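Notes to accompany the following structure.
These figures come from a predicted structure and were not determined experimentally. Letters A, B, ... are given to chains in the order of the sequence lines, protein chains preceding strands, and every chain is numbered from 1. Hydrogens, waters and symmetry mates play no part in the numbers below; they use all other heavy atoms, side chains included.
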Number of protein chains: 2
Amino acid sequence: MTTSQLTEQIRLKKSFLCIGLDVDLTKIPQHLLKEEDPIFAFNKAIIDATQHLAVAYKPNLAFYEAHGIKGFQALGKTIDYLNENYPEIFTIADAKRGDIGNTSGMYAKAFFEDLKFDSVTVAPYMGKDSVEPFLAYENKHTILLALTSNAGAYDFQTQQVEGEELYKKVIKTSKEWKNGQNLMYVIGATKTEFLQEIRKIIPESFLLVPGVGAQGGNLKEVCEFGMNRNIGLLINASRAVIYASHGADFAEAAANEAEKLQQEMASFL
Amino acid sequence: MTTSQLTEQIRLKKSFLCIGLDVDLTKIPQHLLKEEDPIFAFNKAIIDATQHLAVAYKPNLAFYEAHGIKGFQALGKTIDYLNENYPEIFTIADAKRGDIGNTSGMYAKAFFEDLKFDSVTVAPYMGKDSVEPFLAYENKHTILLALTSNAGAYDFQTQQVEGEELYKKVIKTSKEWKNGQNLMYVIGATKTEFLQEIRKIIPESFLLVPGVGAQGGNLKEVCEFGMNRNIGLLINASRAVIYASHGADFAEAAANEAEKLQQEMASFL
């Protein structure tokens, strides 16, 4: 999927909502545990109920890896289900990978070729040769961690490096890597005050913004300071949507929460 | 496994060799491709041939994830084989994970509880709350990326932050986290000139040193500047050992290469 196709979907659905599929078996409705594959059963129900309200889904790999082979199977079924039934939806493997070149190449193969995700999140700490293998894929997208939404973001990301914060150094440096102009960036919604400055460095890039909802970010401010002429935003909500209800009405409740967010988003478009 | 047990094993085997199990199906002897599980067949042969020469094995997760469920099964069989047959050997999941707290907790569960690795490599970019969930496990070990062996290490890790390199800031900051005194650190062997200074900050910590062999590090210098009273070093070799031969004699050839390294290590003990 190209970024212009993504923008087109956003305009069509009047939504730049990304739903995080962070499936925790202790939090899903307990009747699903009787299913052969409870994780996939949950995801399928959530996707079917919300696909008209969201432009992207983001399974967080940790939640699948924690269940070993069963988790891996559920992940495979989820991405296949999305690609087969809703090919217009943008898919994000939230994996935060990054390793030396030949190893990052293996991760890129895993997420882009085997699992057929549109994009993957990548950590910048190991630098250029740890990210470029992901960038080598045409019409696949690499979403680089820049400024995350957690408390630990202040440990290193906001430290001054040569007169500017590390996350800015990461953005400026990565732009210059091969195909770096295609990068997207993770920018936490809990730090909207930084968005104006980020847009000065990367006016055109898509930003994946976690932290709205459970982590306390503010949608209005993110839109005000982060939106560009191609929208350029994917706002992620995970727990606030998928765990809106723990009962039999979980999918309907998720759709209600997603619709609230979509309606709010529509007002900014 | 405790670090004192690890030191004991090092003294017993006169080796601080870690063998990286970065299994690439295009590089293993082609007759193994007829096996039901070629990756595990390769690992088992390498492990059996080298287990008296190495104190640790380090499967690199990317090489398993790149094969989907089959890769995950091969990884599970490999760690189970190690734990059942050679419980005295230290195992490292080279995964370079790191995410917000609840997600890192899921990764910790995956590697420490389900797969039963002794340790996992973790990236520091997201700070304290992304690492502490790993540190919460007693007698499990978190190996934090500090200064890696690749070219991209110079992009951010060696940048000046408040008058010192970022990797030093990472080491100093992480030491203060809860159970931070138990951290081990990845320090690339290609950068031995930094080892003396690193030892001033963390005289007692174990260092996992990749980059000897294929990446051009120097074993003698690493020992000279990096060894402490508990040895405190695990030197990793991957491709130089496991791909010493591509023929039917691959396991024997790997053992020969491992023995060369072990003999050299013994001379420094």
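Few gaps surround NZ on B/Lys77; more than 12 heavy atoms of other groups in view lie less than 6.0 Å from it. For A/Glu193, the CD atom counts as densely surrounded, since its 6.0 Å shell holds more than 12 non-hydrogen atoms of other residues, nucleotides or ligands. Counting heavy-atom neighbours within 6.0 Å of B/Lys109 NZ, excluding the residue itself, gives a total above 12.
A donor-acceptor pair under 3.5 Å is absent between the side-chain atoms of B/Asp94 and the main chain of B/Lys58, judged by distance alone. Between the side chain of A/Lys175 and the backbone N or O of A/Ile201, at least one donor-acceptor pair lies under 3.5 Å. A donor-acceptor pair under 3.5 Å links the side-chain atoms of B/Thr121 to the main chain of B/Ala95, judged by distance alone.
Taking A/Val161, A/Thr148, A/Ile69, A/Asp114 one by one and counting their heavy-atom pairs under 4.5 Å with chain B, the maximum is reached by A/Ile69. Of all the listed residues (A/Arg97, A/Lys96, A/Lys128), the one sharing the greatest number of non-hydrogen pairs under 4.5 Å with chain B is A/Arg97. Listed options B/Tyr64, B/Phe72, B/Phe63, B/Phe156 were ranked by heavy-atom pairs under 4.5 angstrom with chain A; first place goes to B/Phe156. Interface check for chain B: of the options A/Asp24, A/Leu147, A/Thr103, the most heavy-atom pairs under 4.5 Å are formed by A/Thr103. Top candidate by heavy-atom pairs under 4.5 Å with chain A, chosen from B/Gly98, B/Ala146, B/Ser104, is B/Ala146. Contact tally against chain B (heavy-atom pairs below 4.5 Å) for A/Trp177, A/Tyr167, A/Tyr154: the top residue is A/Trp177. The most heavy-atom pairs under 4.5 Å with chain B, out of A/Lys169, A/His67, A/Glu65, A/Glu113, come from A/Glu65. Of all the listed residues (B/Gly71, B/Ala62, B/Gly105), the one sharing the greatest number of non-hydrogen pairs under 4.5 Å with chain A is B/Ala62. Looking only at heavy-atom pairs under 4.5 Å with chain A, the residue among B/Gln160, B/Met126, B/Gln159 that has the most is B/Met126. Considering only heavy-atom pairs separated by less than 4.5 Å from chain A, the leading option among B/Asn102, B/Asp22, B/Leu75 is B/Asn102.
Interface remark: B/Phe111 contributes side-chain atoms only to the contact with chain A (heavy atom separation under 4.5 Å). Only the side chain of B/Thr173 comes within less than 4.5 Å of a heavy atom of chain A; its backbone N, CA, C and O stay farther away. Residue B/Leu61 touches chain A through both its backbone and its side chain, counting heavy-atom pairs closer than 4.5 Å. Neither the backbone nor the side chain of A/Val131 comes within contact range of chain B; no heavy atoms are under 4.5 Å apart. Looking at B/Tyr107, the atoms closer than 4.5 Å to chain A (heavy atoms on both sides) sit in the backbone and in the side chain alike. With a threshold of 4.5 angstrom between heavy atoms, A/Tyr125 approaches chain B through its backbone and through its side chain. Looking at B/Asn60, only its side chain comes within 4.5 Å of chain A, counting heavy atoms on both sides. In this structure, chain A has a heavy atom under 4.5 Å from the backbone of B/Ala153, while its side chain stays farther away.
For the pair A/Leu145 and A/Pro124, the tightest heavy-atom approach, listed with the atom from each and the gap, is O-CG, 3.4 Å.
Aromatic ring centres of B/Phe42 and B/Phe250 lie closer together than 6.0 Å. Aromatic rings from B/Phe206 and B/Tyr185 are positioned such that their centres are separated by 6.0 Å or more.
Within the model, atoms CG of B/Asp118 and CD1 of B/Ile79 stand 7.0 Å from one another, a figure rounded to the nearest 0.5 Å.
Judged by distance alone, the side chains of A/Ser238 and A/Asn236 do bring a donor and an acceptor atom under 3.5 Å apart.
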